[in-house]
Protein chains: 2
Amino acid sequence: MFSKACEYAIRALLFIAQKTVDGSKIGIKEIAKGIDSPEHFIAKILQDLSRKGMVQSQKGPSGGFYLHQSSLNASLADVVRTIDGDSIFSGCALGLKQCSEVKPCPLHHEFKKIRENISHMLQTASLGEFSQQLEKSKLFLKR
Amino acid sequence: MFSKACEYAIRALLFIAQKTVDGSKIGIKEIAKGIDSPEHFIAKILQDLSRKGMVQSQKGPSGGFYLHQSSLNASLADVVRTIDGDSIFSGCALGLKQCSEVKPCPLHHEFKKIRENISHMLQTASLGEFSQQLEKSKLFLKR
DNA sequence: CAAATAAAAGAGTTCTTTGTCTTTTTTTCC
DNA sequence: GGAAAAAAAGACAAAGAACTCTTTTATTTG
């Protein structure tokens with residue numbers, strides 16, 4: 001469904017959101033541990049997201065990652081699109097390049113609904129909205 | 001969503017179903033052309049499916065691939081499961097191994113519905129049922 | 001200003017998927 | 001039985017994804 005990089009990215013951003021509600025910052029090592037991901041790999045991914053403004057960071061002692069209000073309001077769809085592109089939102093299930101209403105693959109009409117469901121779900125979910133439930137251990141980001 | 005191998009497999013099987021309704025057989029070159037896939041790659045995939053009884057084949061002159069009635073009745077879900085395993089039916093969207101009702105990832109509950117939709121669609125679609133529409137050019141398997 | 005800290009950057013490595021090429025086996029048909 | 005046809009098999013090659021390691025840059029703090 002999503003690439004590994006994208007899975008880690010979502011988990012990391014939700015983790016950062018949860019851990020920095022008080023305005024603090026969190027380091028890459030804690031993030032990697034907190035979501036059970038390879039440290040340098042998630043570091044690369046966050047660097048990329050940082051360059052694109054989807055997460056904020058600060059170097060040096062007491063530095064780390066955090067999220068601006070606008071980043072907290074970003075949708076999961078934004079994250080997915082940034083990392084995996086929009087194949088999941090618009091690609092053909094059978095890999096046809098020109099699959100469309102007028103030239104549909106056998107799964108086109110059925111998959112249209114499914115893609116709409118996925119889009120809607122990712123579009124309406126924000127990075128910030130899971131923090132409380134994560135804090136209460138009603139949701140999990142590792143294992 | 002699906003691997004390339006799986007995309008080609010579904011397209012190839014639907015193509016074989018369409019082209020052998022009269023009880024004939026069809027060769028690998030025609031299949032590759034018919035679905036616009038790398039010839040040797042789809043050959044490998046069909047060999048694999050053949051070993052597993054999901055498609056029938058015969059060597060030698062006038063040989064080729066065809067489908068038994070039971071293979072025609074197989075569901076797309078069977079094909080997907082054979083090639084990609086059942087990650088799409090049961091895997092966690094965020095890559096957690098132990099994601100479940102009691103230990104859900106943030107997307108678990110929403111994705112459950114989506115996975116059910118996908119499962120239902122693939123389970124109820126058979127290899128044989130698209131032949132007429134393909135023949136009438138209302139559905140397409142290439143480009 | 002020096003030392004320490006933490007992210008950024010860069011340069012690989014490894015593994016998996018995708019795709020190619022060649023040889024072998026089986027079958028048909030003359 | 002020999003030639004031709006077609007799938008099966010095996011060995012590689014290329015590309016991309018996933019992951020690691022080392023060095024650099026920026027920032028803070030004593």
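A note on names: the letters A, B, ... follow the listed sequences, proteins ahead of strands, and every chain is numbered from 1. As a basis for the values below, the full set of heavy atoms in this structure was taken, side chains included, without hydrogen atoms, waters or symmetry mates. Quick caveat, the model's predicted, so the values are computed rather than measured.
- The CD1 atom of A/Ile31 sits 7 Å away from the P atom of C/dA7 (whole-angstrom rounding).
- Of the possible polar contacts, one joining the B/Thr124 side chain to the B/Met121 backbone as a donor-acceptor pair under 3.5 Å is found.
- With a 4.5 Å cut-off on side-chain heavy atoms, A/Thr82 and A/Met54 count as touching.
- Checking side-chain atoms of A/Gln56 against main-chain N and O of A/His68 turns up a donor-acceptor pair under 3.5 Å.
- Following rounding to the nearest Å, A/Phe41 (CZ) and C/dA8 (P) show an atom-to-atom distance of 16 Å.
- A donor-acceptor contact shorter than 3.5 Å is absent between the side chain of B/Arg81 and the backbone of B/Asp86.
- For the pair B/Lys25 NZ and C/dT26 P, the interatomic distance rounds to 18 Å; values are reported in whole Å.
- The CG-C1' distance, from B/Asp48 to C/dG19, rounds to 16 Å in whole Å.
- For B/Lys142, the salt bridge (charged side-chain N to carboxylate O under 4.0 Å, His left out) test picks out no residue, with sequence neighbours left out.
- Taking a cutoff of 4.0 Å between a charged side-chain nitrogen and a carboxylate oxygen, A/Lys4 and A/Glu7 qualify as a salt bridge.
- Ion pairing of A/Lys52 with A/Asp48 is present here, as a side-chain N (NZ or NE/NH1/NH2) and a carboxylate O approach within less than 4.0 Å.
- The nearest whole Å value for the distance from the CD1 atom in A/Ile16 to the P atom in C/dA6 is 15 Å.
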### Query
Where along nucleotides 3-12 of chain D does protein come under 4.0 Å, by heavy atom, of base (B) or sugar-phosphate alone (S), with - for untouched nucleotides?
-BBBBBBBB-
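- Atom P of nucleotide D/dG16 and atom CG of A/Asp84 are separated by 15 Å, given to the nearest angstrom.
- Taking only side-chain nitrogens and oxygens, A/Tyr8 comes nearer than 4.0 Å to OP1 or OP2 of D/dC19.
- The closest donor-acceptor contact from the side chain of A/Arg115 to the backbone of A/Cys92 lies at 3.5 Å or more, if one exists at all.
- Judged purely by atom type and a 3.5 angstrom limit, B/Asp78 uses its side chain to pair as donor or acceptor with the backbone of B/Ser75.
- End-to-end axis angle of the helix from C/dC1-D/dG30 to C/dC30-D/dG1, from C1' rotation axes over five pairs per end: 0° (rounded to 10 degrees).
- At whole-Å resolution of the value, CD1 in A/Ile45 and C1' in D/dA17 are 11 Å apart.
- The distance from atom CD1 of A/Ile42 to atom C1' of C/dA6 is 16 Å, rounded to the nearest whole Å.
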